[in-house]
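The figures that follow rest on heavy atoms only: side chains count, while hydrogens, waters and symmetry mates do not.
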Amino acid sequence: MSKFSKQKVMPRYFIVAVALVLVGIAVIAKAAYTMTAEKEWWAEVANNQINTADSIKLPNRGNILSCDGELLAGSIPEYEMYIDFRAGLQKLDDGTFFEDTAWVRKRAELWMEKIDSICDGLHRIFPQKSAEDFRTHLMEGFEKKSRCWRVWRGKVDYVTFNEVKKLPFFNLPRHKCGFYGEEHPARRHPFGSLAERTIGSRDSARYGIELAYDSLLAGACGIAHKQKVRDKMVYVTSTPPIDGADLVTTIDIGMQDLAEQALLKKLKEIEALMGVAIVMEVQTGDVKAIVNMERAGDGTYHELLNNALGYRCEPGSVFKTASILVALDDAVVDTSYVIHTGSGIMPMHGARMRDHNWHRGGYHDINVARALEVSSNIGVSYVIDHFYGSNPTKYVEGLHRVGIGMDLGIPLNEYRAPKIRYPNFTTTNRALYWSKTTLPWMSIGYETQVAPINTLTFYNAIANDGKLMQPRFVKQAVKDGHVIQKFPPVVLKDQIARPEAVKTMQTILTHVVSQGLGKRAGSTSFSVAGKTGTAQVSDKEFNYHTGKRCHWLSFCGYFPADQPRYSCIVCIKTTNGPASGGLQSGSVFHEISEGVMASSVRKVAANARDEHSVFIPEVKNGDVQAADYVLDRLNIKTTGNWMTATTTNSPVWGQAQAQENAVLLDKVNTADDKMPDVKGMGARDAVYLLEKKGVSVQLSGTGDVRTQSIPAGATLRGGMKCHLVLG
């Protein structure tokens with residue numbers, strides 16, 4: 001039988017509980033004593049501890065460059081400014097600071113003597129804060145003897161930091177005055193918001209090329225550890241950081257600026273909600289320009305989202321090209337096949353299909369080619385419904401075959417692949433159910449969702465004789481002058497359709513511009529091919545139920561049509577009329593194509609010269625003395641007047657050039673009281689010449705002077721103003 005006594009259990013538990021409570025009270029008391037009475041002593045002990053922990057050394061992030069080497073995004077240093085009010089104090093063995101030194105007294109006197117000058121200088125550099133506020137703030141840190149008192153609340157650039165360093169007292173060595181700056185890398189875009197959504201964010205790699213190629217741009221961090229050298233602790237680098245590589249993109253600054261200005265002009269004119277413009281090189285798929293503009297609440301336009309890659313909506317009539325190409329590739333029709341469109345309204349499975357001119361009587365009998373030229377809804381939908389109505393899957397497979405429904409695999413995170421659904425007759429989801437009207441309406445650009453980049457890539461393949469190229473944004477990665485990685489053009493499909501079908505479509509698209517609805521996109525200088533598109537889309541309060549209409553206007557094509565070099569798409573989202581893809585988007589396409597060709601094609605025979613000859617640069621009329629000075633500095637010898645002379649090394653410069661310069665010289669040599677003819681001059685030269693004659697100048701547009709409000713030869717009077725229109 002056990003001798004264990006139950007009466008002894010409770011006393012023992014009581015003793016253990018009391019002991020634990022006493023220990024807890026002791027721990028709390030000791031912690032409180034340490035946190036109060038011994039706080040300063042332990043703080044000094046912590047400061048004196050040798051920290052051998054590793055430190056991360058950050059690399060320099062790589063730059064993002066345009067196709068011709070212009071800096072699109074780069075890292076520059078920014079600084080946070082602090083002042084150590086204990087600088088120069090002698091540190092004793094016990095960790096305390098001995099303040100009774102000659103320098104400390106002199107330093108305090110110098111601080112009080114210069115504080116007003118310091119604050120006045122800071123107010124001059126940072127006018128948003130008064131000198132008195134600076135004085136109050138700095139004196140607070142001085143009285144607290146703070147070791148890291150912030151001089152300014154934000155970060156400043158290198159130039160501003162150096163300005164502050166030049167102020168009285170701050171210009172002393174750091175160990176005496178205590179002023180110092182902590183360097184932080186900052187991302188900057190020299191061209192401002194130009195292609196900003198595609199290049200990436202300025203603060204971190206959150207989207208665009210900055211995110212997609214972050215592993216190349218970021219480099220690799222290094223490691224440093226603390227080591228005692230003599231009586232000081234210094235960081236010694238054990239693993240040096242590896243700087244990031246520079247990326248050479250396909251973006252062309254000139255084309256990007258041209259496309260942005262042309263699109264912005266139209267968006268502001270019609271007060272549109274959104275606009276997209278993309279320019280692509282036909283042979284390589286290189287994206288030369290990509291513009292994403294969206295109207296903000298205050299009415300201004302900014303790049304808020306990359307809608308060119310991610311805004312999927314019903315594309316409208318630009319989709320008809322894919323529908324007809326599928327039919328041509330399957331050889332179910334040819335261009336001579338006639339459709340009876342009647343008076344512009346045709347019943348289709350209980351619904352009415354209308355042409356845009358139904359109220360004018362329609363197109364009656366037209367062939368397949370003409371149906372695409374005039375963008376006949378009835379013509380296209382009848383062909384697809386008639387030949388694919390019994391097997392709609394074959395039509396959808398054809399759309400994917402010609403590339404309009406393909407996932408392009410673009411590495412930028414904002415890209416969204418097209419949504420072109422297959423027939424489904426069993427689902428209860430109304431959005432996915434395939435009804436009898438789905439096929440005819442899909443054929444004209446509804447019941448699908450396609451981003452502008454996919455539409456452009458499809459048209460680019462037509463221009464490229466059927467070869468489908470993946471859109472390319474980055475060409476190569478460069479480091480220390482050497483190419484470390486190339487991103488060659490990627491062919492997604494060697495042939496999207498039979499060569500005969502592609503050639504036929506090329507001819508039709510050329511006729512769309514020359515004799516169809518796309519005339520506004522055409523040019524008198526070169527041939528253009530393309531297709532218009534107008535679709536009513538649903539968006540927020542603009543939908544079929546509210547009755548408020550929102551239109552997606554587009555024009556997609558390529559130029560020159562006979563030898564395609566560039567393809568381009570322009571899309572505009574607007575709630576204002578008139579809603580016409582050919583009228584609105586086509587006119588922007590026209591401006592972009594004309595500008596691109598003007599900058600890349602020489603059309604005047606006088607501009608063609610022997611590349612091995614020496615010639616006088618063409619200097620437009622303006623400051624003749626300045627031009628003569630430049631030619632002299634370049635060691636270009638001239639005979640007689642440089643405006644009409646030829647070089648001594650190139651005796652035959654060209655009679656046409658000499659005559660042209662003689663005419664320009666006559667423009668300059670007008671009487672002082674007469675208005676000169678400045679048409680054809682650059683803006684800078686025209687302004688110089690007119691202001692030299694006392695005329696105030698107002699400019700509008702870009703390029704050379706097209707018109708002048710004061711006619712040439714008019715008598716000038718004091719205070720006259722001349723409006724110059726550039727183009």
Next on the checklist: Regarding Asp494 and Lys467, does a basic nitrogen lie under 4.0 Å from an acidic carboxylate oxygen?
Outcome noted: no
Next on the checklist: Can you tell me how far apart OG (Ser580) and CG (Leu517) are? Round to the nearest 0.5 Å.
Outcome noted: 7.5 Å
Next on the checklist: I need the minimum non-hydrogen distance between Ser587 and Arg520, along with the two atoms involved.
Outcome noted: CB-NH2, 3.9 Å
Next on the checklist: Looking at Asp465 and Lys503, is any side-chain nitrogen of the basic one under 4.0 Å from a carboxylate oxygen of the acidic one?
Outcome noted: yes
Checklist entry - Donor-acceptor pair, Thr249 side chain versus Leu65 backbone, under 3.5 Å? => result yes
Item to check | Option from Cys67, Ser66, Ser599 for which side-chain contact (heavy atoms from CB on, under 4.5 Å) with Asp252 holds | outcome: Cys67
Checklist entry - Which atom pair, heavy atoms only, marks the closest approach of Val705 to Val678? => result CB-O, 3.4 Å
Checklist entry - Taking NZ, NE, NH1 and NH2 as the nitrogens, is one of them in Arg472 or Glu281 under 4.0 Å from a carboxylate oxygen of the other? => result no
Next on the checklist: Counting C-beta onward and ignoring hydrogens, is there a side-chain heavy-atom pair between Ile444 and Tyr446 closer than 4.5 Å?
Outcome noted: yes
Next on the checklist: Please determine whether ring pair (Phe, Tyr, Trp, His ring centres under 6.0 Å) holds for the pair Tyr337 and Phe387, giving the CA-CA distance in whole Å, both sets of side-chain angles, and the decisive distance to 0.1 Å.
Outcome noted: CA-CA 12 Å; Tyr337 182 84; Phe387 290 101; 5.5 Å; yes
Next on the checklist: Atom CD of residue position Glu271 - does it have more than 12 heavy atoms of other residues, nucleotides or ligands inside 6.0 Å?
Outcome noted: no
Item to check | Flag, side chain of Tyr301 to backbone of Ala272, donor-acceptor distance under 3.5 Å | outcome: yes
Checklist entry - Any donor and acceptor pair, going by atom type alone, linking the side chain of Arg498 with main-chain N or O of Leu328 inside 3.5 Å? => result yes
Checklist entry - Between the main-chain N or O of Gly409 and the side-chain N or O of Gln470, is there a donor-acceptor pair closer than 3.5 Å? => result yes
Checklist entry - Could you go step by step and tell me if Asp355 and Thr341 meet the side-chain contact (heavy atoms from CB on, under 4.5 Å) rule? => result CA-CA 9 Å; Asp355 276 337; Thr341 65; 4.2 Å; yes
Checklist entry - Which pair of heavy atoms, one from Thr448 and one from Pro315, lies closest together, and at what distance? => result OG1-CD, 3.4 Å
Next on the checklist: Ignoring hydrogens and geometry beyond distance, is a side-chain donor-acceptor pair present between Ser336 and Asn367 at under 3.5 Å?
Outcome noted: no
Checklist entry - Have Ser323 and Tyr395 got a donor and an acceptor in their side chains that come within less than 3.5 Å? => result yes
Next on the checklist: I'd like to know if the side chain of Tyr382 reaches the main chain of Ile339, judged simply by a donor and an acceptor atom lying under 3.5 Å from each other, with no hydrogens or angles considered.
Outcome noted: no
Next on the checklist: With side-chain contact (heavy atoms from CB on, under 4.5 Å) as the criterion, how do Ile366 and Ser376 come out once you've worked through the C-alpha distance, each side chain's angles and the decisive distance to 0.1 Å?
Outcome noted: CA-CA 9 Å; Ile366 55 176; Ser376 170; 3.9 Å; yes
Item to check | Pair Lys266 + Glu269: basic N to acidic O under 4.0 Å | outcome: yes
Next on the checklist: Checking the side chain of Arg295 only, and the main-chain atoms of Thr300 only, is there a donor and an acceptor separated by less than 3.5 Å?
Outcome noted: no
Checklist entry - Any luck finding a side-chain donor-acceptor pair between Thr321 and Tyr459 under 3.5 Å? => result yes
Checklist entry - Is it true that the side chains of Tyr388 and Asp330 contain a donor and an acceptor less than 3.5 Å apart? => result yes
Checklist outcome for this item: Rounding to 0.5 Å, atoms CG (Asn464) and CE (Met280) come to a distance of 11.0 Å
Checklist entry - Are Phe559 and His590 close enough that their ring centers fall under 6.0 Å? => result no
Next on the checklist: Run the ring pair (Phe, Tyr, Trp, His ring centres under 6.0 Å) test on His356 and Tyr363 for me, step by step, so that the C-alpha distance in whole Å, both residues' side-chain angles and the decisive distance to 0.1 Å come before the verdict.
Outcome noted: CA-CA 10 Å; His356 65 89; Tyr363 290 110; 5.7 Å; yes
Checklist entry - Where do Lys436 and Pro440 come nearest, in terms of heavy atoms and distance? => result O-CD, 3.5 Å
Item to check | Donor + acceptor pair across side chains of Asn306, Asn292 (<3.5 Å) | outcome: yes
Next on the checklist: Quick check: closest heavy atoms across Ser567 and Val282, and the distance to 0.1 Å?
Outcome noted: N-CG2, 3.8 Å
Checklist entry - Is the backbone of Ala497 close enough, under 3.5 Å, to the side chain of Gln495 for a donor and an acceptor to pair up by distance? => result yes
Next on the checklist: Any donor-acceptor pair under 3.5 Å linking the side-chain atoms of Thr250 with those of Asp286?
Outcome noted: no
Item to check | Steps toward side-chain contact (heavy atoms from CB on, under 4.5 Å) verdict (Phe589, Val528) | outcome: CA-CA 10 Å; Phe589 182 99; Val528 174; 3.5 Å; yes
Item to check | Distance-only polar pair, side chains of Thr438 and Ser435, donor-acceptor under 3.5 Å | outcome: yes
Checklist entry - Checking side-chain contact (heavy atoms from CB on, under 4.5 Å) for the pair Cys556/Phe458: CA distance, chi angles, key distance, verdict? => result CA-CA 10 Å; Cys556 190; Phe458 166 69; over 6 Å; no
Next on the checklist: So for atom CZ, which belongs to Arg352, do other residues, nucleotides or ligands contribute more than 12 heavy atoms lying within a distance under 6.0 Å?
Outcome noted: no
Checklist outcome for this item: NZ (Lys475) and OG1 (Thr284) are apart, to the nearest 0.5 Å, by 8.0 Å
Checklist entry - Does a side-chain heavy-atom distance below 4.5 Å link Gln256 with Val291? => result yes
Item to check | Interatomic spacing from CD1 in Ile592 to CG in Leu263 - rounded to 0.5 Å | outcome: 7.0 Å
Checklist entry - Are any of the side-chain nitrogens in Glu373 or Arg370 under 4.0 Å away from the carboxylate oxygens of its partner? => result yes
Next on the checklist: Using 0.5 Å steps for rounding, measure from the CZ atom of Arg197 to the CD atom of Glu414.
Outcome noted: 4.0 Å
Item to check | Whether over 12 other heavy atoms sit under 6.0 Å from Arg706 CZ | outcome: no
Item to check | Shortest non-hydrogen contact from Glu314 toward Gln536 | outcome: OE1-O, 3.8 Å
Next on the checklist: Treating Asn454 as the side-chain partner and Gly405 as the backbone partner, does any N or O pair qualify as donor plus acceptor under 3.5 Å?
Outcome noted: no
Next on the checklist: When you compare the side chains of Ser523 and Glu594, does any donor N or O come within less than 3.5 Å of an acceptor on the partner?
Outcome noted: yes
Item to check | Side chain proximity check, Ser554 to Thr532, heavy atoms < 4.5 angstrom | outcome: no
Checklist entry - Does any donor atom in the side chain of Lys320 or Ser317 lie under 3.5 Å from an acceptor atom in the other side chain? => result yes
Checklist entry - Step by step, would you call Tyr422 with His400 a ring pair (Phe, Tyr, Trp, His ring centres under 6.0 Å)? => result CA-CA 10 Å; Tyr422 281 87; His400 288 273; 5.3 Å; yes
Checklist entry - Rounded to the nearest 0.5 Å, what separation is found between the CD1 atom of Ile453 and the CG atom of Leu412? => result 10.0 Å
